[in-house]
Trainee: 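Questions regarding the structure given below will be posed in turn.
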Protein chains: 2
Amino acid sequence: MNIYDVAKLSNVSIATVSRVINNKPGVSAAARERVLKAIEETGFRPNQIAKSLTNNKTNILGIVMPGMNNYYSDRIDAINKVCKQRGYGLMITANYKDNNSTEEDIANFNLLYEKRVDGIIYFPTNVMQEHIDIIKHIRKKMPVVITDKEIRDLRLPCVIQDFVSPTQEVMDYFIKNQHKKIAFIKGSSYDQSNEARLEAYKVALEKAGLTYDEGLVAEGAYSVDSGYEAMLEIFTRCKDMPTAVFAANDHMAIGAMKALKDKGIKLPMEIEIIGYDDIEFAKYVTPSLSTVRVEQYVMGKLAATMLIDLIEGDLKDHHEMTMGFEIIHRESTKV
Amino acid sequence: MNIYDVAKLSNVSIATVSRVINNKPGVSAAARERVLKAIEETGFRPNQIAKSLTNNKTNILGIVMPGMNNYYSDRIDAINKVCKQRGYGLMITANYKDNNSTEEDIANFNLLYEKRVDGIIYFPTNVMQEHIDIIKHIRKKMPVVITDKEIRDLRLPCVIQDFVSPTQEVMDYFIKNQHKKIAFIKGSSYDQSNEARLEAYKVALEKAGLTYDEGLVAEGAYSVDSGYEAMLEIFTRCKDMPTAVFAANDHMAIGAMKALKDKGIKLPMEIEIIGYDDIEFAKYVTPSLSTVRVEQYVMGKLAATMLIDLIEGDLKDHHEMTMGFEIIHRESTKV
DNA sequence: TTGTATGCGTTATCAC
DNA sequence: GTGATAACGCATACAA
């Protein structure tokens, strides 16, 4: 069933059918009626593939991301919503290889490029030269928006998540409260943002005249269990117990809290702990978890809006936004 | 940049370029080399839109779902992974209108149909006649696989989530343990599966010779907060305190636990509670939450595999699977 | 082994 | 107001 069939059924040419489909003027009421009737009766739906080929526009946005999980679901939800509101579809590609293999990311970029999506949103973790090369190539044909961080030399339009300032602010809080032994449970090191946070952690220590102790830092994999293990690891390694803990996400913070409780340590009296993300459960654990909140939903919305504006030419020059954050104090900190 | 350009650069015809791109035989080594070199140099990538138009195949799967959230993220992740492994892309459409408006679902089906995806996975909530009509139309052109439940009269290939048996089993457990007042915190009533569960709840009561008390049932919206409110609602309505609670998901169960703790009620001694989903946090709340586990990841994997098998003709007749489940007893139940 | 010509389902240009 | 027809980028049947 195509416009030829509809044309035949309604005794008009395909040009007229096309005009009716696209609500264009220049069609007599009688003809329009006949065409509409034929469409109604046959259940004809225009083939957007053919349309895309002629128009050179797919009305589809693409996403290149590490993998679908709870952390990203709000962001994706927001992007999806913006897409719908503005008449776009959404193709998602994720990286299922260990450590977010670069080749897989490249394959995903290529897939979206070959599908001729109108634009791409990229959630980077470990950005290599290969990423930069392919983005350079792709952006000649379609806009690419990046979230979380910028890429030097590329000046992509972006919605940045500032990981450094929250880390500084958390550390400032701990230091102000006389903590000398501050543990840091970091995320997977293949995600460069974690190195940035670790760096901020070190800088804050130095600024306060405290020496960096490797033993106080452990790496988790963003899961509750890994936070539990990381906390135990720090305990077995250190002679002096830490008196404060900063975890790179709430899941690990909650795992760490569990480890501390199992050891009979009182929170927040003996140890203060702060997480990251403000997941729904942060306020329901005992003690409720203090944390850093960054609005993932807003982030997705901004990125998608920026991309579509770019596609539609409403935005011409470089655009860059930075997400705000908020430290939420609950029962796992003293103040 | 298209095959004509590549053909010109390598001094061959577009047919030869096409053969090289698709790794087809009948090309001299020399010609192949020249074409490959031209592709390499120009960064040419075949336009899959054009390819789809000739082949009548997009290599894209579509999803029609209520909305992206934590509950679905595992399932989507699995589908995405299967897609990738088998060479498909994925388009996701979600329903952002209040109460999952039927019109929005229909619009999503139409979108995917117009994009000529190779097949569709549908996550139904409230199935109306309009859904049935459009699926009947669409399935003439592409396979549609449904998850969670079957639709009478349609006999779609499906991966069913049996909500009734777990409800029965949970009720049997409570009844065996001498509970007479069993509260039920149900999910949104626009999702028909919740009505099925409520029905199973009533049947179980009747079977045990207990009378159904409306006051013991409250509706939540799947969030922790709504579970908290639902629990309070039941308390204010009932003279006799319930001694057992079954919640339609873990979020609401955890909210209910919080409400109970706030009232100074001891779990599980005074009230036993069982949730649904076995989310990651179920084992980390205090007391850890007993719950019903259904493998969402497996469900997504099965559905996607079924759909692709259908598309590729590896599966010809009707296929139907039912997901297993498991009741996991932790500290919120006595046994 | 290679090339030419046709078709896929649209949109858009142009002539009527 | 209407209809032929070229074009979009590719695959492929057929000819050479």
Side-chain angles (χ1 to χ4, degrees), chain A residues 1-36 38-39 42-60 87 89 110-118 141-142, chain B residues 1-36 38-39 42-60 87 89 110-118 141-142:
Chain A
M1 179 60 48
N2 53 33
I3 51 174
Y4 284 90
D5 301 321
V6 175
K8 212 164 295 173
L9 280 172
S10 33
N11 270 319
V12 295
S13 72
I14 60 164
T16 298
V17 176
S18 178
R19 290 188 188 102
V20 172
I21 292 172
N22 297 292
N23 272 314
K24 296 211 170 159
V27 182
S28 67
R32 184 178 301 272
E33 185 118 354
R34 289 206 308 282
V35 171
L36 253 19
I39 289 176
T42 58
F44 162 78
R45 289 279 151 188
N47 184 329
Q48 300 290 344
I49 297 294
K51 197 166 184 167
S52 295
L53 189 59
T54 51
N55 288 345
N56 198 26
K57 182 145 194 330
T58 53
N59 274 281
I60 297 177
N110 273 325
L111 172 67
L112 295 175
Y113 180 73
E114 292 184 357
K115 297 290 185 199
R116 296 299 191 267
V117 296
D118 293 333
K141 294 273 287 184
M142 56 188 73
Chain B
M1 180 61 47
N2 54 32
I3 52 173
Y4 285 90
D5 299 322
V6 175
K8 213 164 294 174
L9 280 172
S10 33
N11 270 319
V12 296
S13 72
I14 60 163
T16 299
V17 175
S18 177
R19 291 186 188 103
V20 172
I21 290 172
N22 297 293
N23 271 316
K24 298 218 166 154
V27 181
S28 68
R32 185 178 300 274
E33 184 117 355
R34 289 207 307 282
V35 171
L36 253 20
I39 290 177
T42 58
F44 163 78
R45 289 278 152 190
N47 183 331
Q48 300 290 343
I49 296 293
K51 199 167 184 167
S52 295
L53 189 59
T54 51
N55 289 345
N56 200 27
K57 182 146 193 333
T58 53
N59 273 282
I60 297 178
N110 273 326
L111 173 67
L112 295 175
Y113 181 74
E114 293 185 358
K115 296 290 186 198
R116 295 299 191 266
V117 297
D118 293 334
K141 294 273 288 184
M142 56 187 72

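Both backbone and side-chain heavy atoms feed into the values below; hydrogens, waters and symmetry mates do not. Chain identifiers are assigned alphabetically (A, B, ...) following the order of the sequence lines, protein sequences preceding nucleic acid strands; residue numbering begins at 1 within each chain.
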Trainee: Is B:Ser28 close enough to C:dT2 that one of its side-chain N or O atoms is under 4.0 Å from OP1 or OP2 there?
Mentor: yes
Trainee: Can you tell me if NZ on A:Lys57 sees more than 12 non-hydrogen neighbours from other groups inside 6.0 Å?
Mentor: yes
Trainee: Regarding B:Asn22, tell me which of base, sugar-phosphate or nothing describes its non-hydrogen contacts under 4.0 Å with the strands shown.
Mentor: sugar-phosphate
Trainee: For B:Asn11 and A:Ser18, find the nucleotide of DNA chain C closest to each by heavy atoms; which residue's nucleotide sits nearer the 5' end?
Mentor: B:Asn11
Trainee: Are there over 12 heavy-atom neighbours, none belonging to B:Asn56, within less than 6.0 Å of that residue's CG?
Mentor: no
Trainee: Take A:Leu36 and A:Glu33 through the test side-chain contact (heavy atoms from CB on, under 4.5 Å) and record every step on the way to the result.
Mentor: CA-CA 5 Å; A:Leu36 253 19; A:Glu33 185 118 354; 5.8 Å; no
Trainee: Could you give the CD1-to-P distance, from B:Ile49 to D:dA11, as a whole number of Å?
Mentor: 13 Å
Trainee: Tell me which nucleotide among C:dA12, D:dA7, D:dA13 gets nearest to the side chain of B:Arg19.
Mentor: D:dA13
Trainee: OP1, OP2 of C:dA12 versus side-chain N and O of A:Lys24: anything below 4.0 Å?
Mentor: yes
Trainee: Rounding to a whole Å, what distance do you find between B:Met1:CE and D:dG9:C1'?
Mentor: 13 Å
Trainee: Please pick, from D:dC10, C:dT10, C:dG9, the nucleotide with the shortest atom-to-atom distance to any side-chain atom of A:Pro46.
Mentor: C:dT10
Trainee: I need the CG-C1' distance between A:Asn47 and D:dG9, as an integer number of Å.
Mentor: 14 Å
Trainee: Give one of base, sugar-phosphate or nothing for B:Val17, where a contact means two heavy atoms less than 4.0 Å apart.
Mentor: nothing
Trainee: Respond yes when some side-chain nitrogen or oxygen of B:Asn2 is under 4.0 Å from OP1 or OP2 of D:dG9, and no when none is.
Mentor: yes
Trainee: Nearest to the side chain of A:Ile14 - C:dG7, D:dG1, C:dT11?
Mentor: C:dT11
Trainee: For a 4.5 angstrom cut-off between non-hydrogen side-chain atoms, does B:Tyr4 reach B:Val17?
Mentor: no
Trainee: Checking contacts here: which listed nucleotide (C:dG3, D:dA11, D:dG3) is nearest the side-chain heavy atoms of B:Asn55?
Mentor: D:dA11
Trainee: Send over the distance from A:Arg116 CZ to D:dG9 C1', rounded to a whole Å.
Mentor: 9 Å
Trainee: Using whole Å, report how far CD1 of A:Ile3 lies from P of D:dA4.
Mentor: 13 Å
Trainee: If you find the nucleotide of DNA chain D closest to A:Ala29 and the one closest to B:Ile21, which residue's nucleotide is nearer the 5' end?
Mentor: A:Ala29
Trainee: Check whether any side-chain N or O of B:Lys141 sits under 3.5 Å from a backbone N or O of B:Arg116 as a donor-acceptor pair, and report yes or no.
Mentor: no
Trainee: Between C:dT10, D:dC10, D:dG3, spot the one nearest the side chain of B:Lys51, thanks.
Mentor: D:dC10
Trainee: The side chain of B:Ala50 is closest to which nucleotide in this list: D:dC10, D:dG3, C:dT1?
Mentor: D:dC10
Trainee: Check the distance between C:dG9's P and A:Lys57's NZ and give it to me in whole angstrom.
Mentor: 23 Å
Trainee: Passes side-chain contact (heavy atoms from CB on, under 4.5 Å), A:Thr58 versus A:Gln48? Steps please.
Mentor: CA-CA 8 Å; A:Thr58 53; A:Gln48 300 290 344; over 6 Å; no
Trainee: Expressed as a whole number of angstroms, how long is the span from B:Lys8:NZ to C:dG3:C1'?
Mentor: 15 Å
Trainee: For the side chain of B:Leu53, starting at C-beta, report the closest nucleotide among C:dT11, C:dT10, D:dG9.
Mentor: D:dG9
Trainee: What is the distance from CD of A:Glu33 to C1' of D:dG1, rounded to the nearest Å?
Mentor: 16 Å
Trainee: When you get a sec, tell me which of C:dC8, C:dG9, C:dA12 is the closest nucleotide to the side chain of A:Ala15?
Mentor: C:dA12
Trainee: Within the structure, does a side-chain N or O atom of B:Thr54 lie under 4.0 Å from either OP1 or OP2 of D:dT12?
Mentor: no
Trainee: Please determine, for the side chain of B:Ser13, which listed nucleotide (C:dT13, C:dG7, C:dT4) has the closest atom?
Mentor: C:dT4
